[in-house]
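Here is the structure we will look at, set down as C-alpha cells.
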Protein chains: 2
Amino acid sequence: MLDVAILGLLMDRDHHGYEIRSQLRERLGDSESVSFGSIYPALARLERHGLVEAVAPAAPRSPAISTGSLAGERASLRTLRTSAGLGRRSRKVYRITERGRQEFHALLADPTTVDDGRTFSLRVALARYLTPALRVRLLERRRQDLLERLAEVRQGADNPDLDAYARSVMSHAAHSVELDLEWIDDLLSIERSDSETFAQEAK
Amino acid sequence: MLDVAILGLLMDRDHHGYEIRSQLRERLGDSESVSFGSIYPALARLERHGLVEAVAPAAPRSPAISTGSLAGERASLRTLRTSAGLGRRSRKVYRITERGRQEFHALLADPTTVDDGRTFSLRVALARYLTPALRVRLLERRRQDLLERLAEVRQGADNPDLDAYARSVMSHAAHSVELDLEWIDDLLSIERSDSETFAQEAK
DNA sequence: GTCATCATGTAAGCCGTTACATGATTGC
DNA sequence: GCAATCATGTAACGGCTTACATGATGAC
C-alpha cells in the first residue's frame, strides 16, 4: 500500500523522498509515519519498474549538456540533485510516469485487496481518482465489513465474563465503528446525490 | 505484542492455539485477526523460553507413568493432546508458568514501547493487571500523543489545498481522535475517583 | 462417505522497522 | 565552528502473512 500512497502523492505534483513522509501524514491522513528506511527503497523500486522517474527540478540553470564524459555524468547528477533555487540541496525529485499513472489506478481500484482501516482511509483520501461506481463499491464493501465487526464488539461489550476494562475496550470499539459507519453513510449519500444531480452515470 | 496478548489470555485460564485467535477478538478487542501462522510459532517460542507449558487437560485417566521407553513418550504425547472428554481431540493446551507471569507484567508495563491504537487497546483490555499508577501513566501518555495527532488532523481538515475526499478523511480522523480522547478521559476520571474512594495509593 | 469445522504445524516471502553511514545547509 | 534540520541511502533483522501439508471429529 505504500506504493499507492507514494504514487497518489506524485499524481498531484513532484516530490522528493524526505517530503513524502510528511505529506503522507498531512495529505493522506496516515497516522503512524512510515520510516525513511521504507520510503527510499520504495522509490528506488518504483523507479526501477519505470513507474516514477527522477527529474531535474525547475529553473535548470546551465541546462546540463550531456558530454558523454564522466565529468558530464557527475554534472548532470548534480543538476538532478539541485533544487529550484529554494536553498535546499541534494534532493532527488521524482515524477510519476504514464505507466505509473496506469499502475496507480489499477492498485487503487484493485478489488482483490481487503481494506483495513488504514488502507480504506488511504483509498478514500485518493477517491477523486476513482469513478463514482468504484467509489460506491469501495464504501459499500467497507460498510459491510464494519457491520459485521459491530455485531462482534457489541457482543463483547455485553459479555459479563469480561472485566470492566475489557468491556470498556469493546464498548469503545463499538462507538468507534459506529462513527466510521456514520462517516461512510455520509459519503455514500453524497455519492448518490451527486449521481442524481448529473443523471448520467451508467447503472 | 502478540506475546503479551497470548500471555494475557493465559493469565485467565488455559487455552489451546486454535482458541487463542477467537479469544483475541472476543476478549481483547483485536480487530484484524492474527493468523495461525503467527500464533503457533509464538506459542512454540514461549514454550521454549519457559513462559508457558503444555498441559494434560483435566480428568487425566491413566496418569501417564513415564516408562522411559519410546512407546511411553508417544503415549504421554497422546495424553497431552487429549482433551477433557469434551469431544474434541488432538488439542495442545497451554498454561502460563510463573516466569511467564513475571514476563507478562514486565511486557504489559514496559514504559519504552510507544503505543499505537492497537497496542493501547490491548493494554487497556489487560489493565486489571496493572497497578493504578501504571494505568494512569498508560492513559496519560496516550492522551498526550492523541492531543498532538488531533492538532495535526484538524489542520488537515482545514487545508484548502486538499480536495473534499482528503479533507473528509482528515475531519473523520479528527472526530475519531476526539472520541478516543473522551474515552481516555472517562477512564482517567474513573481511576481518579477510585483512588479517592480508597485514599491509600502512594502519591 | 464426504463435507465443514476443528486443530496443529512448517516454509517462503513480504513489508516494514531500527540502526547505521554520510553529507549539505542554515542559524547561532 | 557547531548544532539542528534537511536529505539520501544501506544492511540486518523482525514479525506477520500466505500457502501448504496433515489429520481428527461430527453432521448429514
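Every heavy atom of this structure was used, including side-chain atoms; hydrogens, water molecules and symmetry mates were not. Just so we're on the same page: letters track the sequence lines, and every chain starts at 1.
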For atom [atom1] of [X] and atom [atom2] of [N], their distance in whole Å:
| X | N | atom1 | atom2 | answer |
| --- | --- | --- | --- | --- |
| Leu24(B) | dG15(D) | CG | P | 16 Å |
| Asp116(A) | dC16(D) | CG | C1' | 13 Å |
| His15(B) | dT8(C) | NE2 | P | 13 Å |
| Leu43(B) | dG9(C) | CG | P | 8 Å |
| Tyr40(B) | dA21(D) | OH | C1' | 14 Å |
| Met1(B) | dG15(D) | CE | P | 11 Å |
| Arg91(B) | dT22(D) | CZ | C1' | 18 Å |
| Ile6(A) | dC15(C) | CD1 | C1' | 12 Å |

Show every side chain to side chain donor-acceptor pair (under 3.5 Å) that has at least one partner inside residues 17-26 of chain A, sequence neighbours left out. Arg13(A)-Glu19(A), His15(A)-Glu19(A), His16(A)-Glu19(A), Arg25(A)-Ser33(A), Arg25(A)-Glu152(B)
Within the structure shown, what part of the strands sits under 4.0 Å from Ser33(A) by heavy-atom distance: base, sugar-phosphate, or nothing? sugar-phosphate
Have a look at Gly37(A) and say if it touches a base, only the backbone sugar-phosphate, or nothing, with a 4.0 Å heavy-atom cut-off. base
Are OP1 or OP2 of dC16(D) and a side-chain N or O of Ser35(B) less than 4.0 angstrom apart? no
Is any side-chain N or O of Tyr18(B) closer than 4.0 Å to OP1 or OP2 of dT8(C)? no
Among the nucleotides dT8(D), dG16(C), dC16(D), which one has an atom lying closest to any side-chain atom of Lys92(A)? dT8(D)
Of the candidates dT17(C), dA7(D), dT8(C), the side chain of His16(A) sits closest to dA7(D)
With the threshold set at 4.0 Å, does a side-chain nitrogen-carboxylate oxygen contact exist between Glu32(B) and Arg149(A)? no
Looking at Glu53(B), is its backbone amide N or carbonyl O close enough to the side chain of Arg95(B) to form a donor-acceptor pair, meaning the two atoms are under 3.5 Å apart? no
Donor on one side chain, acceptor on other, Asp186(A) and His172(B), under 3.5 Å: no
Only pairs under 3.5 Å count here: list side-chain donor-acceptor contacts from residues 129-139 of chain A, not counting sequence neighbours, and write none if there are none.
residue, atom, partner, partner atom, Å
Thr131(A), OG1, Leu134(A), N, 3.2
Arg135(A), NE, Glu191(A), OE1, 3.0
Arg135(A), NE, Glu191(A), OE2, 2.9
Arg135(A), NE, Tyr165(B), OH, 2.7
Arg135(A), NH1, Ala127(A), O, 3.0
Arg135(A), NH1, Leu130(A), O, 2.8
Arg137(A), NH2, Ala109(A), O, 2.7

